[in-house]
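Below: one structure, written as structure tokens.
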Amino acid sequence: MAAGVAAWLPFARAAAIGWMPVANCPMPLAPGDKNKKQDELIILNVSGRRFQTWKNTLERFPDTLLGSTEKEFFFHEESKEYFFDRDPDIFRNVLNFYRTGKLHYPRHECISAYDEELAFFGIIPEIIGDCCYEEYKDRKRENAERLMDDSDSENKAEGNLPSRTCRQTMWRAFENPHTSTLALVFYYVTGFFIAVSVITNVVETVPCGIGPGDVKDLPCGERYVVAFFCLDTACVMIFTVEYLLRLFAAPSRYRFMRSVMSIIDVVAIMPYYIGLVMTNNEDVSGAFVTLRVFRVFRIFKFSRHSQGLRILGYTLKSCASELGFLLFSLTMAIIIFATVMFYAEKGSTHSKFTSIPASFWYTIVTMTTLGYGDMVPKTIAGKIFGSICSLSGVLVIALPVPVIVSNFSRIYHQNQRADKRRAQKKARLARIKIAKTGNANAYLQIKRNGLMNEALELTDSGDKEQQQSLNKPGSAVARQHHHLLHCLERTTGLSYLLDDPLLSIRTSASTKNHELLDEPVYEQNCLEGSMQNCPSTHSPSLSSESGTTSTCCSRRSNKKSTHLPNSSVSAAHLRSMQELSTIHIQSGEQASFNTSRSSLNDKSEEGLRINCKSSQIATAIISIPTPPGTTPEGEHQPAIPNQSNTSMEAASCNIVKVSAL
Amino acid sequence: GINLKPGNQPRHSTKALKQRFLKILPCCRPRLVPSLSEYSIEDEFEPSTVCHRPEGLEQLQGQTKFTKKELQVLYRGFKTECPSGVVNEETFKQIYSQFFPQGDSSMYAHFLFNAFDTDHNGSVSFENFVTGLSVILRGTIDDKLSWAFNLYDLNKDGCITREEMLDIMKSIYDMMGKYTYPTVREESPQEHVETFFQKMDKNRDGVVTIEEFIETCQKDENIMKSMQLFENVI
């Protein structure tokens with residue numbers, strides 16, 4: 001919806017006339033439109049193909065290449081057109097974005113080529129419309145996975161795994177048997193023993209024939225008691241050891257104990273221990289026999305070894321509602337027919353339909369078309385209803401089953417895709433929301449700069465130009481919008497606030513003094529901030545000088561607190577100061593890159609210095625709450641995240657303007 | 001405040017009673033939108049046949065105070081956002097809310113919509129749009145003040161009551177949103193309304209008529225200056 005917004009700004013401003021009679025204080029002046037030219041057509045020559053559009057169309061999104069003055073770099077004097085040496089086919093989509101406000105992704109284009117074009121023209125991919133966004137994300141993910149797979153296999157080939165603790169290695173071995181030979185051996189051994197245990201349980205019950213000294217046919221389990229007991233013991237030993245090892249290796253023991261697999265493990269080995277503990281009491285032996293049934297759960301341990309079982313389990317879980325509905329409708333039908341059959345057969349003699357629950361069995365057997373024949377209706381009415389029952393059984397059971405089967409695959413795949421989409425959507429909406437609220441952010445940023453100017457007026461010695469250029473931030477549209485918001489503030493006597501208590505700092509005397517005091521802190525903070533920017537290549541040189549392994553930042557703190565006696569170190573300090581000053585300039589450049597493109601509209605020569613100063617200012621303002629009396633280390637800690645905050649905010653401001661206007 | 005609207009005829013009350021009685025009878029109840037079962041997906045794909053074309057450029061030039069180029073620019077922006085040629089209230093609110101992301105501008109947009117929709121047919125065509133803008137941007141001071149008065153007078157009966165002003169005020173404050181400094185208090189709109197009435201209501205009859213309004217505004221320097229503020233918007 002962002003396309004026409006700039007076009008409707010005049011309307012919104014005109015509508016502000018409704019606030020005027022109500023306001024109690026005078027309105028701020030409207031920003032002057034110095035370059036108010038008539039709308040003109042401009043020609044964009046992309047690798048020979050000429051596109052024409054109105055200048056206003058491009059200015060709808062001032063934070064992109066075409067919308068800002070960055071396109072002046074591509075102006076070709078001889079032909080009076082803007083020449084871009086890029087792909088004209090993809091450029092068509094880019095230009096349509098300006099025209100309609102919606103960015104589309106052409107399916108036949110390569111995803112990385114498209115991404116490059118978007119990056120070149122300064123458009124973030126999150127703007128892609130709903131019609132094409134899913135396709136775009138799918139393709140992007142495939143691409144990323146493929147690249148990641150390649151790099152993964154490369155890594156494995158190199159074999160440079162970082163050293164891990166014993167516990168982590170063990171856990172990794174348990175989860176991924178392919179990581180080492182030992183893990184693989186363990187995997188197969190446990191699998192073998194699971195199979196042995198299951199087969200033992202089964203064979204135990206097979207009649208082995210009449211042994212010496214026995215009267216009747218005994219099952220093998222009772223004939224070769226010792227052998228089976230030894231086998232069972234061995235299996236349980238292995239399982240117990242495995243379980244304990246897993247428990248030890250698990251990164252979160254509590255979570256491991258709650259997981260399904262560990263419960264299966266416990267249930268598989270518990271009967272044995274309970275059997276050991278219990279005596280051969282007649283009363284409890286019945287319960288003991290029941291417990292032995294649980295040994296069959298050992299077969300579920302195979303699900304660690306089989307991906308398919310896990311998928312099946314997951315699918316059943318996700319189809320639970322479907323299955324539940326089937327069960328419910330079946331139950332209804334069963335109860336109805338059982339009741340009918342009972343009352344129909346009530347009259348006949350020696351009827352097997354002794355009660356309604358007894359008829360349940362008949363109904364189930366008939367509806368599932370099993371028809372054992374142990375219960376058969378004898379009366380005519382019973383036979384009629386019995387046939388109706390079996391006919392409807394076909395319908396009630398046979399119909400939902402294929403539906404459920406197809407639901408399985410559909411729901412399973414959909415679940416996978418829906419989770420992905422949900423995760424993407426959240427992130428995407430969050431980013432678009434940032435872009436939407438960015439207008440207010442931009443406005444507040446301007447206000448902040450405005451307050452800064454007022455503060456600077458007191459502290460700064462001269463350079464009115466700097467302040468002037470700080471005063472005009474952004475394109476005509478942005479200025480007009482901000483003026484509009486400012487008018488609203490004046491009308492109501494309130495002012496916008498963005499969860500930032502600092503912004504409520506008006507230019508009261510006390511805060512001015514506060515800012516004055518902190519001016520010497522400006523420099524330090526800026527340098528500190530710039531040191532956060534400094535890459536790690538900086539630190540080794542310094543640390544090697546002094547022989548400490550601390551980072552350059554902490555060494556700087558040392559400088560503040562104590563004097564290092566080493567003369568070579570002081571030379572290093574001098575050098576570090578020089579390096580710091582160069583880094584200062586570099587970070588200033590970086591900051592200028594981070595600020596919005598629309599600031600490029602200010603064709604100021606002192607761009608570098610100004611931006612440096614603004615980065616200074618930005619850092620200083622954020623670190624006002626940190627009292628200067630804290631330890632240098634303490635000062636670092638808040639500076640670090642706040643620096644990233646400002647860069648993030650600046651970056652978000654950057655992202656902001658693409659779609660907001 | 002008590003509504004001392006002049007011209008409140010007694011026959012209004014019997015009419016209201018009759019309407020209320022009729023509403024109770026189910027047969028006379030207004031037809032509801034067709035139930036959900038009748039609404040199918042296919043209905044969504046019917047082409048929207050509403051397509052409004054504005055009058056010719058020369059006619060509009062005569063009716064408004066804009067030049068040809070300005071009309072062209074305005075129409076291009078209008079048509080891009082509303083290809084069917086008319087704006088309905090939903091779209092209007094959406095467009096307006098883009099400018100006030102922090103607050104809720106829907107009420108004020110609703111009032112604006114009613115002010116622009118002079119023929120009260122539920123949609124703002126390009127002619128309505130441009131006529132309204134012409135008054136605001138290129139009209140005389142008196143025209144502008146009348147337009148503002150028309151905006152505040154919600155039921156278009158010629159005078160602004162306290163309730164109407166309160167609604168307007170609340171809608172303006174809503175646009176600021178929750179995060180403001182100082183925080184909006186419950187009584188702020190009411191107080192603002194009181195200030196307004198104190199200034200405007202000369203004969204203290206509880207309503208502000210158009211004459212009082214224009215007279216007071218013409219005497220107020222701030223208001224005069226701010227009315228000229230947006231003249232060069234196009």
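The sequence lines fix the lettering, A, B, ..., with proteins before strands; numbering per chain opens at 1. A quick note: this is a predicted structure, and the numbers were derived from the prediction, not measured.
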Is it the side chain or the backbone of [X] that comes within 4.5 Å of chain A heavy atoms, both, or neither?
| X | value |
| --- | --- |
| B:T195 | side chain |
| B:Y152 | side chain |
| B:K199 | side chain |
| B:F197 | neither |
| B:L151 | side chain |
| B:F116 | side chain |

Side chain to side chain, B:P182 and A:L494, heavy atoms closer than 4.5 Å: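 Touching, per the 4.5 Å side-chain cut-off.
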
Sub-4.5 Å side-chain heavy-atom contact between B:R76 and A:T57: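 No. Closest side-chain heavy atoms not under 4.5 Å.
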
What distance separates [X] [atom1] from [Y] [atom2], expressed to the nearest 0.5 Å?
| X | Y | atom1 | atom2 | answer |
| --- | --- | --- | --- | --- |
| B:M175 | A:W19 | CE | CH2 | 5.0 Å |
| A:M27 | B:Q228 | CE | CD | 14.0 Å |
| B:I136 | A:M20 | CD1 | CE | 10.5 Å |

For [X], does the [atom1] atom have more than 12 heavy-atom neighbours from other residues, nucleotides or ligands under 6.0 Å away?
| X | atom1 | result |
| --- | --- | --- |
| B:E187 | CD | yes |
| A:R428 | CZ | yes |
| A:L29 | CG | no |
| B:K225 | NZ | no |

At their closest point, which heavy atom of [X] faces which heavy atom of [Y], and how far apart are they?
| X | Y | answer |
| --- | --- | --- |
| A:V22 | B:M169 | CG1-CE, 3.2 Å |
| A:A15 | B:Y108 | O-OH, 3.2 Å |
| B:N222 | A:P26 | OD1-CB, 3.6 Å |
| A:P21 | B:M227 | CG-CE, 4.5 Å |

A:A14 versus chain B, the contacting section by heavy-atom distance below 4.5 Å: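 When you check distances to chain B, atoms from both the backbone and side chain of A:A14 fall under 4.5 Å.
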
Heavy-atom pairs under 4.5 Å with chain B, option from A:I17, A:T491, A:L484 with the top count: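 Option with the greatest count: A:I17.
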
Close aromatic pair by centroid cut-off 6.0 Å: B:F99 and A:F11: no

Any donor-acceptor pair under 3.5 Å from A:T492 side chain to B:Y173 backbone: no

Chain A contacts, top residue of B:F100, B:F196, B:F213 (heavy-atom pairs, under 4.5 Å): B:F100

